[in-house]
Visitor: 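Here it is, the structure, as structure tokens.
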Amino acid sequence: MTLTGANAMIAPMSKYPFREIEQKWQAYWEKNQSFAVTEDEKFPKEKRVYVLDMFPYPSGSGLHVGHPEGYTATDIYCRYLRMNGYNVLHPMGFDSFGLPAENYAIQTGTHPKITTERNIANFRRQIKSLGFSYDWSRELSTHTSDYYRWTQWIFIQLFNKGLAYESNTPINWCDNCKTGLANEEVKEGRCERCGTAVVRRNIRQWVLKITEYADRLLEDLDSLEWPESVKLMQKNWIGRSEGASVLFHIDGLDESLEVFTTRADTLFGATYMVVSPEHPLVGQLTTAENKERVEAYLDEVAHKSDLERTDLAKDKTGVFSGSYAINPVNGERIPIWIADYVLISYGTGAIMAVPAHDERDWEFAKKFGLPIIEVLKSEIDVQTAAWTEDGVHVNSGFLDGLGKDEANEKMIAWLEERNLGKTAINYKLRDWIFSRQRYWGEPIPLVHCPTCGTVALNESDLPLLLPEVTSYEPSGTGESPLAKIDSWVNTTCPVCGGPAKRETNTMPQWAGSCWYYLRYIDPHNTQEFVSREKERYWMPVDLYVGGAEHAVLHLLYARFWHKVLHDLGLVSTSEPFTRLVNQGMITSYAFQRTDKSLVPTDLVDEKEDGTFVERETGDTLERVIAKMSKSLKNVINPDEIIEEYGADSMRMYEMFMGPLEVSKPWSTAGLVGVYRFLDRVWRLYTERTINDREVSPELLKTVHKTIKKVSVDTGNLDFNTAIAQMMILVNDLYKEEDLNRQVGETLVLLLAPYVPHLAEELWQQLGHTSSLTTATWPTWDEALTVDSTATLVFQVNGKVRSKVEAPMGLPKDEALALAKADEKVQKWIEGKTVVREIVVTDKLVNIVVK
RNA sequence: GCCGAAAUGGUGGAAUAGGUAGACACAAGGGACUUAAAAUCCCUUGCUCGCAAGGGCGUGCGGGUUCAAUUCCCGCUUUCGGCACCA
């Protein structure tokens, strides 16, 4: 019983010697430095292209089949561009600081550098085994001091520009492990390692002022050729909203509460206010008789995990502070409540509540018996539900009868006149918390001096090396392991020379990936992070391919750094990545019981009729598509695929599966189909006579159509349809007795970007002594791609009744006559009245009858 | 809940300035070769009624626009991805 549906291996049975071929040509490319590029001035600007892959984190589990998908796509594109006369920069490297290596170090005591470099070696071997045309002389890893020296240097530029500041901000804290946790270490509100509920704890952090760039990060999105969905995600993440800030005086206190609202026009309906539990005025607002209850509430909130606090389904909670604010439009005294549905991180941390027209405010008002006043004419009773649609203003004094925009404008003008409010803009985007209390990251190159304050290291003192430590455990105080090394922490101030202490925080993993694309341009420069001239030669990145999981954070952070560098005059472009393509995820098949639980693939049998059963119980299972995961035993290992079928099959199959951008399930059976195709190609050249006998006009047409389709599709990254067309050509060639040399050469050239090893080998067997890497892409003759006849479809009332082959460009009246003369058509129009006749040249004739 | 993407044969997918639905491949079936099997080559293959000729149905579901809808419009359903009370 085979398990084809579960991706069992199917041993190939043929002679196509992919192992020897692939080893031979990989060695050839390496020896000849075939893909090393220089800033050659003979290429004009428009013939220089920078094609970038998102570099991988070298994890211990090795390359996933998802990695080669994007890498193959860019590789094909690069090889295609080179054959079309472009100078192509195509580098690869490793994003090698990061949590898994550190956690492994904590468990085993192995230095993260050792595991990381071992993993890099494995990744490099795996990537090279696929024959990608990277310029390996430019390889970089973010954890090396040659690299992070410049990451630190860029940080100093940000610091000197006033874009870095210290702030106490909450982090995820595990009381048991005595350590801060990254978001990805928090699973369902609990510590991933020990299961303890995660609490929030304030800690001193370095923060970068990305919000200062919010508007530009938003506006410049319009200039980018990125997927609309990614642009939209970034837009929503930045979350610009226009509204007004309004001041509410607090009754009996010499203080005001400022709120941000997008609907100042509903101010007459504001019946209470809410401040976030972390709001700085909470203490002052709380009156003596409410003190106990407020404190109990604050305590309760502090002990809630983020999960509990942000659970949308939960009941609203809150407590009355005892204080009242004055609604500026009508002088009403309205109660001030404290509730955790108001976030300190957005707006001012305080809101005016308009329960009649806001879901959340309505729920809260109902629960605590607060008044609900309709101010927008509603189609429902606002006492029974919130009315969140538009309506003309009622109960709103000078706004009555007005629509939303007009009322809003009038209200803001009214507030401005009295100094009670003004237009305001708010962003969801928050400043970027940039420090981590970790070992395996770039040390932040700052020193805390008792006399000079916090100062940056001199640039000549970079790199600030990551010191050796004896233990990778966090310090237990929330500080990084670096804080435990007195000899490292105690230093001298770079300004006054007096005793000072080093910053012990390290940078987040994002730091290295924020600028790596610039370092590839000039990776061995010891004087600058990148030379001006080289930067101008290559930037911006023309095509950037990677997973959609980086749609927001990495791409937003990198854009932010790039804009800062641009403002400092250090890079020439205002955006780093002109065109972005997200490759889809490669999923796998999984097997589902009727209760929707999944069964690991190795416990499934496929029956003769193609259905699947659970081996132990014999129950029928449904085949579904799921992410590859270790627990489901449906992970495909690229090494095994390359061993069994070769790198060329792997490359071409991943491109043939479907469009690059969509997610698609891996099927080893499908891979075998591509393997068979390559084997057919091989035998075409090795088992047939190659001669110069003239080819038939039909075959010549297929050849030119193929050149055209493969050229256009490859340029558009539509690889699946390009491959299909090459298969059509090969099928046609199999109908011939021998192989025309020129046609054979053309096919090899078209195959070259897709299956470079096989193509090089065939090219050599055809007698060429130079590598395909310098060959010229074939051109097509448009005249030879045009068909002489077209299939005319005859429809009666929109239904296809007959088809004929007719000469191209047949005049409409002749086409119509042809249709009317058609026997089958006549049968359908016989005895009926023709009411309309539609002729589409070379396509169809539609006769409408009654 | 909100935002986004998608839904086409047994399977992956092709085709949209509206004009032959199912290219190419997998799987399945048949044939050739073979002592036999594998490999290879050739053929068939959306469903359905029919001996056939031929007909009917068919691109998630329900409507609409049109001579003509996978494609455009309105309303749903489901799946996947992202975000989490954003005032």
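Computed from a predicted model, the values in this text were never measured in an experiment.
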Visitor: Mind checking who B:C72 pairs with, Watson-Crick or G-U wobble, both distances under 3.5 Å?
Guide: B:G64
Visitor: Taking protein heavy atoms under 4.0 Å as touching, what does nucleotides 51-62 of chain B look like 5' to 3' if B marks base contact, S marks sugar-phosphate-only contact and - marks none?
Guide: ----SSS-----
Visitor: Rounding to an integer number of Å, can you tell me how far A:L555 CG sits from B:G82 C1'?
Guide: 14 Å
Visitor: Not counting sequence neighbours, which residues clear ring pair (Phe, Tyr, Trp, His ring centres under 6.0 Å) with A:F656? List them please.
Guide: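 A:F656 satisfies ring pair (Phe, Tyr, Trp, His ring centres under 6.0 Å) with no other residue.
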Visitor: I need the CG-C1' distance between A:N426 and B:A87, as an integer number of Å.
Guide: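 My rounded result for the distance is 9 Å.
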Visitor: With rounding to whole Å, what would you report as the distance between B:C61 and B:C51 at their P atoms?
Guide: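 Their P atoms lie roughly 30 Å apart.
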Visitor: Are A:E830 and A:K832 close enough for a salt bridge, meaning some N to O gap below 4.0 Å?
Guide: no
Visitor: For A:H550 and B:G82, what is the distance between atoms NE2 and P respectively, to the nearest whole Å?
Guide: 12 Å
Visitor: Tell which nucleotide pairs with B:C2, taking only Watson-Crick or G-U wobble pairs whose two distances are both under 3.5 angstrom.
Guide: B:G82
Visitor: Please state the P separation for the pair B:G18 and B:U71 - nearest whole angstrom.
Guide: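 After rounding to an integer number of Å, I get 11 Å for this pair.
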Visitor: With a 4.5 Å limit on heavy-atom distance, are the side chains of A:V804 and A:T791 in contact?
Guide: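 No. Closest side-chain heavy atoms not under 4.5 Å.
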Visitor: Of A:W237 and A:K428, whose nearest nucleotide on RNA chain B comes first from the 5' end?
Guide: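 Nearest-nucleotide comparison on RNA chain B picks A:W237.
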Visitor: When the C1' atoms of B:U45 and B:U65 are compared, how many Å lie between them, rounded to an integer?
Guide: 36 Å
Visitor: Could you please name the partner base of B:A87, counting Watson-Crick and G-U wobble pairs only when both distances are under 3.5 Å?
Guide: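 Pairing partner, where one exists within any strand: none, as none qualifies.
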Visitor: Provide the distance between the two C1' atoms, one in B:C80 and one in B:G30, to the nearest whole Å.
Guide: 40 Å
Visitor: Which nucleotide wins on minimum distance to the side chain of A:T262, given the candidates B:U66, B:A87, B:G81?
Guide: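 Among the listed nucleotides, the one closest to the side chain of A:T262 is B:A87.
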Visitor: For A:F268, which residues count as a ring pair (Phe, Tyr, Trp, His ring centres under 6.0 Å) partner, sequence neighbours excluded?
Guide: A:F398
Visitor: In Watson-Crick or G-U wobble terms, both distances under 3.5 Å, what is the partner of B:A15?
Guide: none
Visitor: When you look at A:K705 and A:D787, which way does the salt bridge (charged side-chain N to carboxylate O under 4.0 Å, His left out) test go after all the steps?
Guide: CA-CA 10 Å; A:K705 280 185 169 177; A:D787 289 309; 3.1 Å; yes
Visitor: Kindly write out the residues that satisfy salt bridge (Lys or Arg N to Asp or Glu O under 4.0 Å) with A:K735, not counting sequence neighbours, or none if the list is empty.
Guide: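 A:K735 satisfies salt bridge (Lys or Arg N to Asp or Glu O under 4.0 Å) with A:D732 only.
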Visitor: I'd like to check A:S241 versus A:I425 (side-chain heavy atoms, cut-off strictly below 4.5 Å). Are they in contact?
Guide: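 Side chain of A:S241 against side chain of A:I425, heavy atoms only: no contact under 4.5 Å found.
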Visitor: Between B:G31 and B:A37, how far is it from one P atom to the other, in whole Å?
Guide: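 One P to the other, the span is 11 Å.
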Visitor: Report the base-pairing partner of B:G46 (Watson-Crick or G-U wobble, both distances below 3.5 angstrom), or none.
Guide: B:C57
Visitor: Rounding to the closest angstrom, what is the interatomic distance between B:G10 and B:G29 at atom C1'?
Guide: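 Each nucleotide's C1' atom is 13 Å from the other's.
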Visitor: Taking the P atom of each, how far is B:C72 from B:G1, in whole Å?
Guide: 27 Å
Visitor: Between the side chains of A:D822 and A:R801, is the shortest nitrogen-to-carboxylate-oxygen separation below 4.0 Å, so that they form an ion pair?
Guide: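 No, A:R801 and A:D822 are not salt-bridged.
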Visitor: Whole Å only: how far is the CZ atom of A:R430 from the P atom of B:C83?
Guide: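 One finds 13 Å between P of B:C83 and CZ of A:R430, rounded.
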Visitor: For the residue pair A:Y341 and A:F364, categorise the inter-ring angle as parallel (less than 30°), tilted (30 to 60°) or perpendicular (more than 60°).
Guide: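 Rings of A:Y341 and A:F364: tilted, as their planes differ by 30° to 60°.
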Visitor: Without decimals, in angstroms, what is the distance between A:I238 CD1 and B:C83 P?
Guide: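 Spelled out: CD1 on A:I238 to P on B:C83 is 16 Å.
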Visitor: Which part of the nucleic acid, if any, lies within contact of A:K235, taking any heavy atom under 4.0 Å across all strands shown: a base, the sugar-phosphate backbone alone, or nothing?
Guide: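 The answer is nothing, as A:K235 stays clear of every strand by at least 4.0 Å.
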Visitor: Look through every strand shown and name the nucleotide pairing with B:U20 as Watson-Crick or G-U wobble, where both distances are under 3.5 Å.
Guide: none
Visitor: So what does A:T587 touch, heavy atoms closer than 4.0 Å: a base, only the sugar-phosphate, or nothing?
Guide: nothing
Visitor: A:E242 has an atom CD; how far is it from atom C1' of B:A87, in whole Å?
Guide: 16 Å
Visitor: Looking only at the side chain of A:R683 (C-beta and beyond, no hydrogens), which of the listed nucleotides B:G81, B:C67, B:C41 gets closest?
Guide: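 The nucleotide sitting nearest to the side chain is B:C41.
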Visitor: Take the protein atom CG of A:D340 and the nucleotide atom C1' of B:A84, then report the distance between them rounded to whole Å.
Guide: 14 Å
Visitor: Produce a footprint string for nucleotides 2-25 of chain B: one letter per nucleotide, 5' end first; B if the base is under 4.0 Å from any protein heavy atom, S if only the sugar-phosphate is, - if neither.
Guide: -SS------SBSS----BB--BBS
Visitor: Decide, yes or no, whether a salt bridge links A:K235 with A:E228 under the criterion of side-chain N to carboxylate O below 4.0 Å.
Guide: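 So A:K235 does not pair with A:E228 through a salt bridge.
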Visitor: If I pick the P atom on B:C24 and the same atom on B:U44, what distance separates them, to the nearest angstrom?
Guide: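 My reading of the P atoms in B:U44 and B:C24 gives 11 Å.
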Visitor: When syn is taken as a glycosidic angle within 90 degrees of 0, is B:G9 syn or anti?
Guide: syn
Visitor: Could you tabulate the donor-acceptor pairs under 3.5 Å formed by side-chain atoms of residues 833-842 of chain A, not counting sequence neighbours?
Guide:
from, atom 1, to, atom 2, distance (Å)
A:E837, OE2, A:K820, NZ, 2.5
A:D842, OD1, A:G809, N, 2.7
A:D842, OD2, A:G809, N, 3.3

Visitor: Name the pairing partner of B:A7, where a pair is Watson-Crick or G-U wobble with both distances under 3.5 Å, or state none.
Guide: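 Partner of B:A7: B:U77.
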Visitor: Write down the partner of B:U35 under the Watson-Crick or G-U wobble criteria, each distance required to be under 3.5 Å.
Guide: none
Visitor: What is the separation between atom CG on A:L343 and atom P on B:C83, rounded to the nearest whole Å?
Guide: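 One finds 17 Å between P of B:C83 and CG of A:L343, rounded.
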Visitor: Can you measure from CD1 (A:I351) to OG1 (A:T261) and round to the nearest 0.5 angstrom?
Guide: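 Going from the CD1 atom of A:I351 to the OG1 atom of A:T261 covers 9.0 Å.
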Visitor: Is the shortest side-chain N/O distance from A:R360 to OP1 or OP2 of B:C85 below 4.0 Å?
Guide: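 Answer no for this pair, as no side-chain N or O of A:R360 is under 4.0 Å from OP1 or OP2.
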